[in-house]
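Notes for the one structure printed next.
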Amino acid sequence: MPVAADEVPGLLEQVRETADPKFGDYTATLAMPLAKRLRVKPRDLAEKLIARLNDSPDFTAVFEPIEGPVGPGFVNVRVRDDALARGVAAACGDARLGVLPLAQPETIVLDYSSPNVAKPMHVGHIRSTVIGDALARILRFRGHRVITDNHLGDWGTQFGMILWGWKHCREDAAYAADPTAELGRLYRLVRKVVDAKPEELAADPVAKELAAAHPEAGREVLLETAKLHEGDAENRKLWEEFMPVCRQEIERIYQRLDIEFDHTLGESFFQPLLHGVVEDLQASGLARESRGAIGVFLDGQETPLLIRKADGAFLYATTDLATIAWRAEHWRPDRILYIVDHRQSQHFQQVFATARSWGCRAAKQLAAMELVHIAFGTVLGEDGKPFKTRAGDTVGLEALLDEGVERAAAIVGEGEHARQGMDEAQRKAVAEAVGIGAIKYADLSQNRTTDYVFSFDKMLELKGNTAAYMQYAVARVEGIAGRGGIDREALRQQVAADPTAVELVDPRERRLALNVLRLAAVLEDVESDYRPNVLTAWLFELAGSFSSFYDALPVLKAEGRQRTTRLALADLTGRTLRQGLELLGIRVPKQM
RNA sequence: GCGCCCGUAGCUCAGCUGGAUAGAGCAGCGGACUUCUAAUCCGCAGGUCACAGGUUCGAAUCCUGUCGGGCGUACCA
């Protein structure tokens, strides 16, 4: 058959799960396009293909013999029950649940979260943080060398605001009592003074008065920022004093979200390099002066990428370029992934294009590196507008987490008798896992490219496609093991050593087995489009097939091989669901 | 103006490198707890996939156009 070797992967892509079990487990659609090119009838081609497959011992070891093509030329296959059982047994005995580490791992840098210090974290940060963390965990689990870096905004105008506020309206007592809160207050106050709309200002007498007393506040704030950047001793000292306070505040939220970074190299870290970036780009002819500023003019771009303002200050494009070069030089990654909202897509397009053609020290590395902007949509309120409080402020991230946990706690408190035995500490841990899990899961289960409507009522429904549904399924597995006094480790060793101990009879056992063995394929799909929702969709399916299984088929009361089979399936499903949720950064309580 | 993204069930969304009757959840209706956690399960009902063309054996998916929405578009990040 004249098919070029490099076409094979594409053809194999045309094997997928069937839409309906009556067509078998998998279907291949490759006969139709291939037949067209070879100018033969699709069904004839499919017939030949089937004959060869049926003759191949490798094929028949795993699949039932194929009877013939269906419809225009579909080739439908069904996995042999004994082969499926062997797969379950093998996964049971494997710490990685049957997922082989990648043969060719890459070094991948992930850039996500990146809050501005000194500004309270708000809903706007949740998507980048949660999606980035999940992708980092998934890529790492697959076997890649992952480097996570939190590119903190620690050098921008917001510090000018805080410095100005510090000098004009600080309250020392408040700062002594709670520095974070006072700095937060100063930031919010000065931001209003500087760029609030008239109606917003009217609603805040303190800010209004301050604005009236300092009509030049906006300019003065920029001046404070500029002084900091120029190395002014007083501002620099204050910056050094404020930074740990701000970092601590952010760290507390990350701890609650179970998020850790390998590095936190903020904008300030790259600040000494910025001058060189501009000189370099000018020298290479990529950047030139225009209207007093310096920008990179790219073909097909209406506007330049500005790297230095007319007043001499650098911009975030400058920092981004410096950062890319630094990472290329020091980490030599194959890929850098930026998990940043979709509004910055043009910015990244320009930054990436500039970096690729930039002839700096790391030029070779830069040219070979894959730079990816992983964009996501805006978080909206239930009114379909950007998520704000009733007063019109952005919603603080911490308050959001509190509310999620609080609502979850109310639900944990009521209902099922099994929960009545839990002590206070357990309930609290469950509420935290369910509440935070719900918030993370709601975000991750949405296709990241679209805007998403934030609704506690929906995410804490605790039915349907929510974190709690999966957590509950795991708790049920734990319940079986606990109630039955099962030594799970021994069970795993037993079935791994003797796969014939597993025998799939009931269609629900079969469906569960087919589903639970898909983890590796699903993670591969997640990586190909950087979409965690592929993982959540599968977890939901898996938990669903487990719930049906659990509901209809007794496990502990079964006997002999049937009992072993069901125990093995339950154990494997529990572990797999737990692993999947952990890859999303979601905690899984043993009991709930 | 130009560029990017998006219009799928009453609501919130999957599905988008073309595949068989378009899927979930919620809401609605009807069933299932003396039996391993009912935060569950089983069933019913509900859609001209914005619209119009085109490519194809086959289109929610690819191409073109129209309408509607969001975002971005020179010195914020």
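In what follows, every heavy atom counts, from backbone to side chain, and hydrogens, waters and symmetry copies are set aside. Lettering of chains follows the sequences in order, A, B, ..., and the numbering in each one begins at 1.
- Looking at heavy-atom distances under 4.0 Å, A/Leu306 makes contact with a base.
- A/Ser548 comes within 4.0 angstrom of the backbone, heavy atoms only, and of no base.
- Residue ring and nucleobase are not stacked for A/Phe74 and B/G19 under a centre distance beneath 5.5 angstrom and an angle between planes beneath 30°.
- Here A/Arg531 lies in heavy-atom contact (under 4.0 Å) with sugar-phosphate atoms only.
- Residue A/His373 contributes atom NE2, which lies 17 Å from atom P of B/C71 at whole-angstrom precision.
- Summary of the strand contacts: A/Thr378 and A/Gly153 both lie near RNA chain B, and taking for each the nucleotide with the nearest heavy atom, the more 5' one is attributed to A/Thr378.
- Taking the ring centre of A/Tyr530 as origin, the terminal cationic atom of A/Arg448 falls outside the region bounded by 6.0 Å and 45° from the ring axis.
- Stacking of A/Tyr469 onto the six-membered ring of B/A39 is not present when judged by under 5.5 angstrom between centres and under 30° between planes.
- Side-chain contact annotation: A/Glu220 with A/Trp164, donor-acceptor N/O pair under 3.5 Å present.
- The gap from the C1' atom of B/G30 to that of B/U8 amounts to 28 Å, rounded to the nearest Å.
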Quiz prompt | Intra- and inter-strand pairs of RNA chain B in dot-bracket (Watson-Crick or G-U wobble, both distances under 3.5 Å; | for another strand) | solution = (((((((..((((.....[...)))).(((((.......))))).....(((((..]....))))))))))))....
Quiz prompt | Heavy-atom protein contacts under 4.0 Å, nucleotides 30-36 of chain B, coded B base, S sugar-phosphate only, - none | solution = -----SB
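- For the pair A/Arg448 CZ and B/A14 P, the computed distance is 12 Å after rounding to whole Å.
- A tilted orientation is assigned to the rings of A/Tyr338 and A/Phe348, their planes being inclined by 30° to 60°.
- Residue contacts shown for A/Lys119 are absent, as no nucleic acid heavy atom lies under 4.0 Å away.
- Contacts of A/Asp311 with the nucleic acid, taken as non-hydrogen atoms under 4.0 Å apart, are absent.
- In this structure, CZ of A/Phe546 is placed 10 Å from P of B/U37, rounded to the nearest angstrom.
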